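A quick write-up on the structure given underneath.
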Amino acid sequence: KSSLICVCMSEVIMAEVTGAQLIAEALKSQNVEYMFGIVGVPIIEVAMAAQAAGIKYVGMRNEQAACYAASAIGYLTGRPAVCLVVSGPGLIHALGGMANANMNCWPVIVIGGSSDRNQETTGAFQEFPQVEACRLYSKFSARPSSLEMIPAVVEKAVRSSIYGRPGASYIDIAGDMVNAKIDRASVRFVSCCPAPPVSQADSREITQAVRLLKAAQRPLIIIGKGVAYARAEKEVRELVEVTGIPFLPTPMGKGVLPDDHPNCVAAARSRALLQADVIVLLGARLNWILHFGFPPRFSPHVKIIQVDLCAEELSNNVRAASALLGDIRAVVRQLLETVRSESWRFPSDSEWWSTLKEKMTANAQISKSLALQSTLPMNYYTAFHHISELLPKDCIIVSEGANTMDIGRTMLLNYLPRHRLDAGTFGTMGVGPGFAIAAAVLEQTQKSAQRVVCIEGDSAFGFSGMEVETICSVHNIKLVLFALLINNNGIYSGVDPETWKEMEKMGDMTTIAPPVTLLPEARYEQVMSAFGGRGYLVRTVEELCSALQESLKNTHTPSLLNVLIDPASDRKQQEFPWLTRSNL
């Protein structure tokens with residue numbers, strides 16, 4: 001009798017499941033493979049259950065960085081990762097990452113613990129209106145009404161994050177639901193949501209688009225990060241090479257086609273945008289990154305062929321001459337089919353190509369002259385020139401900062417899609433370490449042996465610098481990731497140590513030091529050394545090349561190169577100097 005009772009009790013226990021287990025199992029059933037976060041009451045058990053379900057968990061040092069990492073996984077794989085946070089302040093810290101994901105159109109799931117349901121409105125520990133707050137930063141925000149509904153809510157959150165324009169979803173989990181138990185038989189389990197539906201553009205609009213291209217004297221294709229997210233690199237390469245049209249990548253559109261492709265006119269960006277008469281806009285928006293499509297950066301008479309999966313985005317700021325609503329891969333295939341049927345190709349000996357090539361050559365000469373300067377401290381162009389000579393072509397480049405990101409974008413070439421991550425549409429500083437950690441975790445899982453390099457300005461490093469501990473503590477990450485910190489002692493520009501000392505003699509630094517200045521020649525490399533990595537202080541070209549070569553060879557210890565450059569170093573003279581940030 002006793003053995004029979006034990007068996008029956010065991011079956012009852014096995015039939016029960018906790019809220020934490022339901023969350024983990026539901027995520028796994030939706031093909032969610034990665035979770036980043038910082039645990040505490042009440043969500044520790046959720047992280048443990050996720051690991052038990054086979055989900056990889058990476059503990060971070062700040063919720064904002066954790067959310068950046070989770071969103072980067074969404075962009076790189078097309079399937080969201082989870083950012084797991086505690087209630088109240090923990091969730092609030094993650095809102096920056098949610099907003100960044102939404103603006104970038106990257107899928108991510110944020111799961112936040114919250115106060116127990118029977119303590120609502122009582123001033124409970126870290127009580128906060130979390131579902132309501134997250135609606136401003138996400139596509140979907142909800143709390144399961146019961147344990148039974150957890151799988152259904154998880155499925156809807158995942159589906160909402162990847163369907164239509166991708167973005168963030170939030171799931172609120174009350175503290176008392178985490179360890180509560182329920183009979184598995186009474187749970188409403190939901191199967192994995194299918195891949196997002198694919199739609200084609202109206203055939204009449206396709207005909208109109210090709211008609212516009214054939215009539216163009218100065219056509220241009222702009223390739224945005226939406227193309228990279230859509231995995232449309234094969235189709236877009238065919239479109240470029242079949243039509244012979246020059247193309248210009250946006251910052252994270254770099255690498256969809258290699259930056260050294262003969263049709264790439266990134267080195268003549270301003271000239272291309274200003275003089276193009278017909279532009280095919282692929283997976284990019286006419287926002288601040290593309291100067292809204294407005295004069296004087298664009299011709300007032302330019303005709304836009306706009307390809308986007310979001311109907312509300314069509315004709316934003318500039319009326320589209322041809323609006324192609326649909327999946328980028330599908331729409332580009334439609335364009336290719338029509339172009340091929342009409343045997344049309346833009347002539348390579350056109351005046352337009354001659355104009356662009358002339359400008360590209362002139363700009364390349366200016367950059368080269370700056371890069372080959374031998375004065376010390378180094379300038380941006382010298383540092384980036386030697387970095388570009390040594391970086392592997394297949395490495396993933398994560399870049400953020402002001403001048404560091406802007407100049408690095410022009411000097412460091414990308415050859416593969418989804419191999420550049422930066423501040424993005426929201427212009428967010430602090431994303432670098434989180435993005436780099438996500439890319440490194442993914443590369444190790446896929447065993448691709450590709451290196452991840454995080455190139456930071458010194459000001460940008462300050463936002464998330466403590467994630468160096470995460471880099472050093474997670475074995476798989478430190479095998480592939482290293483960092484370069486371009487240190488100019490400030491935000492945009494700084495001062496040298498002698499000037500700093502003179503300012504200190506003058507009195508109260510809070511009233512004297514320019515707001516853009518940071519501590520000169522700060523020893524950021526020692527942060528990496530403190531956690532067991534290798535730090536290098538770099539002042540000369542020889543030291544830079546030596547340290548970078550050592551870091552590339554070292555696959556056992558992460559490195560941080562603190563590259564000291566001239567605090568007054570700046571971008572080269574722009575073609576349109578009267579166009580400042582304020583009037584763009």
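Scope of the values below: all heavy atoms of this structure, side chains included, with no hydrogens, waters or symmetry mates. Computed from a prediction, not measured in an experiment: that's the story for all the values here.
With hydrogens and angles ignored, the 3.5 Å screen pairs no side-chain donor or acceptor of Ser71 with any backbone N or O of Met98. Judged by distance alone, with hydrogens and angles left aside, the side-chain atoms of Ser388 form no donor-acceptor pair with the main-chain N or O of Leu412 at under 3.5 Å. In this structure a side-chain-to-backbone donor-acceptor pair under 3.5 Å is present from Glu205 to Ala323. Side chain of Arg420 to main chain of Gly253: no donor-acceptor pair is present (N/O by atom type, distance under 3.5 Å, no hydrogens or angles). The backbone N or O of Ala383 lies less than 3.5 Å from no partner atom in the side chain of His385, so there is not a single donor-acceptor pair. Proximity of a side-chain donor or acceptor of Ser160 to a complementary backbone N or O of Ala157 within less than 3.5 Å is not detected. A donor-acceptor pair under 3.5 Å links the side-chain atoms of Gln306 to the main chain of Ser315, judged by distance alone. The main-chain N or O of Leu286 is found under 3.5 Å from a side-chain atom of Asn317 such that the two form a donor-acceptor pair. Counting only distance, with no hydrogens or angles, the side chain of Asp458 and the backbone of Gly490 share a donor-acceptor pair below 3.5 Å. With Asp259 contributing its side chain and Asn414 its backbone, the two residues share a donor-acceptor pair below 3.5 Å.
The distance from the CD1 atom of Ile171 to the CD atom of Gln130 is 13.0 Å, given to the nearest 0.5 Å. With values rounded to the nearest 0.5 angstrom, Cys264 atom SG is found 11.5 Å from Arg269 atom CZ. How far CZ of Arg340 is from OG1 of Thr243: 10.5 Å, rounded to the nearest 0.5 Å. Of the inter-residue distances, the one linking Leu220 atom CG with Asp277 atom CG reads 10.0 Å to the nearest 0.5 angstrom. Cys454 contributes atom SG, which lies 12.0 Å from atom CD1 of Ile396 (distance to the nearest 0.5 angstrom). The CZ atom of Arg329 sits 14.0 Å away from the CG atom of Leu282 when rounded to the nearest 0.5 Å.
A heavy-atom distance below 4.5 Å is not found between the side chains of Lys359 and Thr355. Put simply, the side chain of Gln450 reaches to within 4.5 Å of the side chain of Leu416, judged on heavy atoms. Within the 4.5 Å cutoff, side-chain heavy atoms of Tyr34 are placed close to those of Leu442. At a threshold of 4.5 Å between non-hydrogen side-chain atoms, the residues Cys134 and Leu95 count as touching. Contact annotation: the side chain of Phe36 approaches that of Ile73 to within less than 4.5 Å [non-hydrogen atoms, C-beta and beyond]. In this structure, the side chains of Cys67 and Val110 come closer than 4.5 Å at one or more pairs of heavy atoms. When side chains are defined from C-beta on, Asn263 does not count as touching Ile245, because their heavy atoms never get closer than 4.5 Å. Considering only heavy atoms from C-beta on, Ile486 comes within 4.5 Å of Ile387 through its side chain.
Residue Glu337 qualifies as open at atom CD: its count of foreign heavy atoms under 6.0 Å is 12 or below. Atom NZ of Lys303 has 12 or fewer neighbouring heavy atoms from other residues, nucleotides or ligands inside a 6.0 Å radius. Applying the 6.0 Å contact sphere to CZ of Phe346 captures more than 12 heavy atoms from other residues, nucleotides or ligands. Atom CD of Gln217 has 12 or fewer neighbouring heavy atoms from other residues, nucleotides or ligands inside a 6.0 Å radius. Other residues, nucleotides and ligands contribute only 12 or fewer heavy atoms inside 6.0 Å of the CZ atom of Arg319. In the displayed structure, Glu132 atom CD is contacted under 6.0 Å by more than 12 heavy atoms of other residues, nucleotides or ligands.
The two residues Ala201 and Gln334 have their closest heavy-atom pair at N-OE1, 2.8 Å. Scanning both residues, Leu212 and Ser322, for their nearest heavy atoms gives CD1-CB, 4.1 Å. Between Ala276 and Trp352, the shortest heavy-atom contact is N-CH2, 3.8 Å. Between Leu335 and Ala209, the shortest heavy-atom distance links the atoms CD2-CB, 4.0 Å. Residue Gln64 comes nearest to Asn62 through the heavy atom pair N-OD1, 2.7 Å, listed as atom of the first residue, atom of the second, then distance. Ala69 and Ala438 get closest at one heavy-atom pair: O-CB, 3.2 Å.
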Q.
Between Arg211 and Glu342, does the salt bridge (charged side-chain N to carboxylate O under 4.0 Å, His left out) criterion hold? Intermediate values first, please.
A. CA-CA 10 Å; Arg211 186 181 300 123; Glu342 300 188 15; over 6 Å; no
Q. Can you list the steps and then say if Arg237 with His261 is a side chain to side chain contact (heavy atoms under 4.5 Å, CB included)?
A. CA-CA 10 Å; Arg237 179 188 279 269; His261 190 283; 3.9 Å; yes
Q: Could you check Asn489 against Leu518 for side chain to side chain contact (heavy atoms under 4.5 Å, CB included), going step by step and ending with a plain yes or no?
A: CA-CA 5 Å; Asn489 305 338; Leu518 298 171; 5.6 Å; no
Q. Passes salt bridge (charged side-chain N to carboxylate O under 4.0 Å, His left out), Glu467 versus Arg61? Steps please.
A. CA-CA 6 Å; Glu467 296 305 332; Arg61 298 307 298 263; over 6 Å; no
Q. What's the verdict on salt bridge (charged side-chain N to carboxylate O under 4.0 Å, His left out) for Arg418 and Glu233, showing C-alpha distance, side-chain angles and the deciding distance?
A. CA-CA 10 Å; Arg418 297 168 295 281; Glu233 52 266 21; 2.9 Å; yes
(Q) Under the criterion side chain to side chain contact (heavy atoms under 4.5 Å, CB included), I'd like the reasoning laid out for Trp344 against Leu213: C-alpha separation, chi angles, the key distance, then a yes or no. (A) CA-CA 9 Å; Trp344 175 80; Leu213 282 176; 4.2 Å; yes
Q.
Run the salt bridge (charged side-chain N to carboxylate O under 4.0 Å, His left out) test on Arg165 and Glu313 for me, step by step, so that the C-alpha distance in whole Å, both residues' side-chain angles and the decisive distance to 0.1 Å come before the verdict.
A. CA-CA 10 Å; Arg165 173 177 279 177; Glu313 188 60 42; 2.9 Å; yes
Q) Stepwise, does the side chain to side chain contact (heavy atoms under 4.5 Å, CB included) test hold for Leu257 with Ile223? A) CA-CA 9 Å; Leu257 271 69; Ile223 300 174; 4.2 Å; yes
Run the side-chain donor-acceptor check on residues 424-435: report pairs under 3.5 Å with partners two or more places apart or on a different chain.
from: Thr425; atom 1: OG1; to: Asn104; atom 2: OD1; distance (Å): 3.3
from: Thr425; atom 1: OG1; to: Lys225; atom 2: NZ; distance (Å): 2.6
from: Thr425; atom 1: OG1; to: Arg285; atom 2: NH2; distance (Å): 3.4
from: Thr428; atom 1: OG1; to: Asn100; atom 2: OD1; distance (Å): 2.6

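Ring planes of Phe461 and Tyr524: perpendicular class, angle over 60° (limits at 30 and 60°). Classified by interplanar angle (parallel below 30°, tilted 30° to 60°, perpendicular above 60°), the ring pair Tyr380/Phe384 is parallel.
Among residues two or more places apart in sequence or in another chain, the side-chain contact (heavy atoms from CB on, under 4.5 Å) test is passed with Asn31 by Arg79, Cys192.
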